[in-house]
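I have placed the structure first, in the form of structure tokens, so that the comments after it can refer back to it.
For clarity, every value in this text was computed on a predicted model and none was experimentally measured. Residue numbers begin at 1 in each chain, while the letters A, B, ... track the order of the sequences.
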Amino acid sequence: MTNNLRFKTSKFIDETYRVSFKFNNKTYFGFKGDTLASALLANGIHLVGRSFKYHRPRGIMTSGSEEPNAIIQLHDNSSRTEPNVRATEVEIYEGLVASSQNCWPSVNFDIGAINNLLSPILPAGFYYKTFMWPASFWEKYEYFIRKSAGLGKSPKVADPDIYEHNYIHCDVLVIGAGISGIMAAKMAAKNGFKTLLVDEKSYLGGSSIYDSSEFSKINNQITSSWLEKEINEISKLENLEIKLRTSVAAFHGYNFLLARENLTDHLPINQRENKVRQRLLKIRAKKVITATGSIERPLIFDNNDRPGILLSSAVKKYIDLYGVACGENNILFTNNDTAYETAMSLIQRGIKINAIIDNRELIDSKISYEVEKNNIKIYKGYTVVDTYGYRRINRISIMKLSKDGQTVIGDKTKLNCDCLGLSGGWTPAVHLFTQSGGKLKFREEDQVFIPNVYPSDQISIGSCNGDFSLEKIIKNTLSSIKKFLDIDNSEYKNIETISGLNQSKRNIWLLPSDKSIGKTKSFVDYQNDATAKDIKLALREGFRSIEHVKRYTTTGMGTDQGKLGNMHALGIISETAGTKMGEHGTTTFRPPYTPLTFGTIVGRNVGKFFDIVRQTPIHDWHVANNAKFENVGQWKRAWYYPKANENMHQAVQRESKAARDCAGILDASTLGKIDIQGTDASEFLNRVYTNAWSKLAIGKCRYGLMLNEDGMVYDDGVTTRLNENHYIMTTTTGGAANVLGKLEDYLQTEWPELDVYLSSVTDHYATISVCGPYSKKIVSKVIPDLDFSDEKFPHMSFKNTKIDQIKCRVMRISFTGEQSYEINIQSNYGKSVWEKCMEAGKDFNITPYGTETMHLLRAEKGFIIVGQDTDATMTPIDLQMDWIVSKKKYDFIGKRSLYRSDTIKDDRKQLVGLLTENPEEVLEEGAQIVADIKKSPIEMLGHVTSSYYSPNLNKSIALGVVKGGKKMLGQKLIIPMENKNINVTVADPVFLDKEGERLNAKL
Amino acid sequence: MFLINCPFCGEREQSEFKAGGEAHIVRPKQPTELSDDEWAEYLFMRKNIKGIQFERWNHAHGCRKWFNMVRDTSNDQIKAVYKMGEKPPVK
Ligand SMILES: [Zn+2]
């Protein structure tokens, strides 16, 4: 450690607690309280990364979340590895490992730096241009761009840390614990508001907490001393909760905010075990007070990006807070008074300042006179025109500014330095305000955008509201908080401030140079390597809107969202185009303010909590019997049950054959079930289904098709009349929730006069379907008391009965075309009844089958699956299901649409059966169907929707939709595949037992 | 994220609700009497106003009730909520 860079300092650094850490494989030491940036600077390290496009050496630029350059990879090669972390925000701990990113092979020798030499051919829009011209070139560029670009590495294994989400409701949320935030929080809490104060830093007080200057005082006390007492006081307030290391990421409408609370990132890894790493706070605040402060602006001149060039405020913070000198031979470059505060901090510790370069001719403030008294040379009315030094700045050249500030005059003077502090004035941090929908206005006098129209119950105070002097900050904070909270607070009755600073400023967005602009590299966006030249080029090429210029030049598109340079970009655009600031728009700041980890975003919703999993009451049996599962919505459905070495095809063939030859059993519990009651239940069904329901006898079942109002098939299922005013409707598994929603919609909004009540009972019943020629024998054994004779219990009817005293409903309905019984019983008895059926069916080769076999069996019968054989463009007529559309009913949902000019067209896609020329050939679902393969372009007539090999018919069968298909029966069509054309014949979609004899087959 | 005052439950998070499009479009009582154009008007045509808009919302993850809302789409301010069947409030 070069000791001459570390100075005896305040309570912020614990010099008795030495911390070792690794950066780029080398071990360094710092102290507890250091950030990675301050510890590196204390070790004399400025160069920490390479820029994105030109791979120029870059150093630490700032001391906070606005950092564009010092973005590093934390925790090398571990599951915790994290890219794009700002070294200025990382608190060091014993064992920390970090490395530079965006440099290859190393930060000191980076092969991509050749881009810097090639920069004349890497202008704005370079990447876009390579995409477009000529296409073949992209392949050549791609390898190198991918290899040398990219920001860091993402982890390859699961994140070991725990994250969580918390909801917080408060009366007042104060964002930012600087001087105004602390005052606001105190006033709110003392007046009975439940208050939450958050700050992204690890300490309270913002930049004022290390302000020990004699030049700004509150009630005759040094600012930091006064503030410490305030902090001491608020930390005891009952109504106030304070959260440090908490960064507000997003400010949404209705005062809904997201914040990330960092809980363990500052701890050594071995102390993080079983602790929550980060929390996403979902804050709903009645009132929001934004006190996010301001960000110092850099100055834009040639080569303003060398390591050793920092913001002046960062130089001040590193010495004041961390006791670290950024250089031993400093120069400050400014257009306002704040750099003189930095100068005083350096002077107090005896650190050499070579010169101050000030854009202003006239500097008239107490603090500047004091600096001059210390024999510091101030170059008034000067600008820096160039800098030198590859891995670290070592010299600058300066020239006199012309009166209008547009050119430089006179001779060039060269000055040595190893650190250059920049102060271009301050930009209010209005990011959160604009995220919330707030509108800004431009203040000409000091060239800043400040909050103007608030979209919700919120206010901005302090320097994020454009109040920069201590006096204004305190005065305006007091008056606006009183008004905002409607309080008459006497906390701060006699508050006096003095300041040695003058607010004068000479704002020049792009400083002039003795070189032509084409020969300069004046960086506006450091992270994305966008220069003033690029912006001017974009304007020459016709871009005007800031949003377009931004994307074309990539200004503000980095992980820092251009917190430093966006204002300069706007300034340069307006100066070049000769328009007013803000006329081309201000850029939109989008959440998050600083990047969030994925862990924080997902919280506890990982692994099996990622999404809800629904299992039927019989699930465990399926697992125990080797079922493979299929996801249907959130449901896990048994897909097929392979035996021994069977593959899926073999299992499905066996199951399908058994279901038709003997008996099959299916867990149908996932089907949606809606209980419908009320005196108008029949009328209601009449209106929602295409067929007639009023005459359905009690105890009978009927299949129904439901349309959307546009006439397209929406859902289907069997509904049973349990009683005069009581029905139970079944829906598709995936459609259950939507059907209930749709029915409720009509009931509540269109037909409130109907006496009908709907209730979802999907989860209340287990549904076991036994089918096949032996099904009757099996269910008779399970329910011996019930008369299963065809006379007493015909197809499409239902019985109330009991199994071992437990009430259940048995429906004789069929989705396979076989004789089939569906037992519906209270969920918790589902598994035992299933097992009873298995036992009863033992002698009849009862075979459990899954969804795949179910789909095959129904396809043999030409029964549709809504969502597979239909999409939102199929009417019942298209499906050749005219029989289910009542001609007599005056109205039902979708009826009118069935004879719109479009829906009555003959050449709509219609459902047909397809048989392959070679019966062994099974078509691919989704394959295109054409008639004329030679026509160019080939006309696509439709596609295959369902396709199987039928073991019961011993041939391949398929369903498909074909334009005008109804009239094509017997016609040959072609399915063009990658390597061959498959010939098919259009057939009746009902392949098996068209007469329906199997429904009553006896064995 | 909006804070929506369900007329049946009170203030709840927007995530509990589902938006249901433009309000006060009454389903024709006699659809069969309508021409294709008239039916298409009902079926497809919806306003998309920048400003005051009347819309339907459903408290899907709450009481499941549908209700109406007056919302300024330019700034997402909810001006009023009222039950189905109630007259919209006059501006
Ligand atoms: Zn509700």
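Residue Ser456(A) does not touch chain B at all, counting heavy-atom pairs closer than 4.5 Å. Looking at Pro752(A), there are no atoms closer than 4.5 Å to chain B (heavy atoms on both sides), in backbone or side chain. Interface remark: Leu43(B) contributes side-chain atoms only to the contact with chain A (heavy atom separation under 4.5 Å). Contact annotation for Tyr890(A): both backbone and side-chain heavy atoms come within less than 4.5 Å of a heavy atom of chain B.
Taking a cutoff of 4.0 Å between a charged side-chain nitrogen and a carboxylate oxygen, Lys286(A) and Asp171(A) qualify as a salt bridge.
Both tests do not hold together for Lys287(A) against Phe193(A): distance to the six-membered ring centre under 6.0 Å, angle to the ring axis within 45°. Both tests pass for Arg687(A) against the ring of Trp751(A): distance under 6.0 Å to the centre and angle within 45° of the axis.
Within residues 24-36 of chain B, the residues having any heavy atom closer than 4.5 Å to a heavy atom of chain A are Ile25(B), Val26(B), Arg27(B), Lys29(B), Gln30(B), Pro31(B), Thr32(B), Glu33(B), Leu34(B), Ser35(B), Asp36(B), listed by residue number. At a heavy-atom cut-off of under 4.5 Å, chain A is reached by Trp66(B), Asp76(B), Gln77(B), Ile78(B) from residues 66-82 of chain B, listed in order of number.
Note on ring orientation: taking the six-membered ring where Trp is involved, the planes of Tyr42(B) and Trp39(B) are tilted (angle from 30° to 60°).
In this structure, the separation between CG on Asn605(A) and CZ on Phe610(A) is 8.0 Å, given to the nearest 0.5 Å. Annotation: the span from Asp680(A) atom CG to Tyr757(A) atom OH amounts to 9.5 Å, rounded to 0.5 Å.
A donor-acceptor contact shorter than 3.5 Å links the side chain of His165(A) to the backbone of Thr600(A). Side chain of Glu261(A) to backbone of Arg279(A): no donor-acceptor contact under 3.5 angstrom is found. Checked by atom type and distance alone, the side chain of Lys889(A) never pairs as donor or acceptor with a backbone atom of Lys895(A) at under 3.5 Å.
Ring to ring, Phe2(B) and Phe256(A) are not that close: their centroids are 6.0 angstrom or more apart.
Among the candidates Asp745(A), Asp891(A), Leu747(A), the residue making the largest number of heavy-atom pairs closer than 4.5 Å to chain B is Asp745(A). Your options are Arg64(B), Gln14(B), Met84(B), and the one with the most heavy-atom pairs under 4.5 Å with chain A is Arg64(B).
A ring-ring contact (aromatic ring centres under 6.0 Å, His included) with Phe433(A) holds for exactly one of Tyr593(A), Phe251(A), Phe449(A), Tyr454(A); it is Tyr454(A).
Residues Ser897(A) and Asp710(A) have side chains that never bring a donor and an acceptor to within less than 3.5 angstrom of each other.
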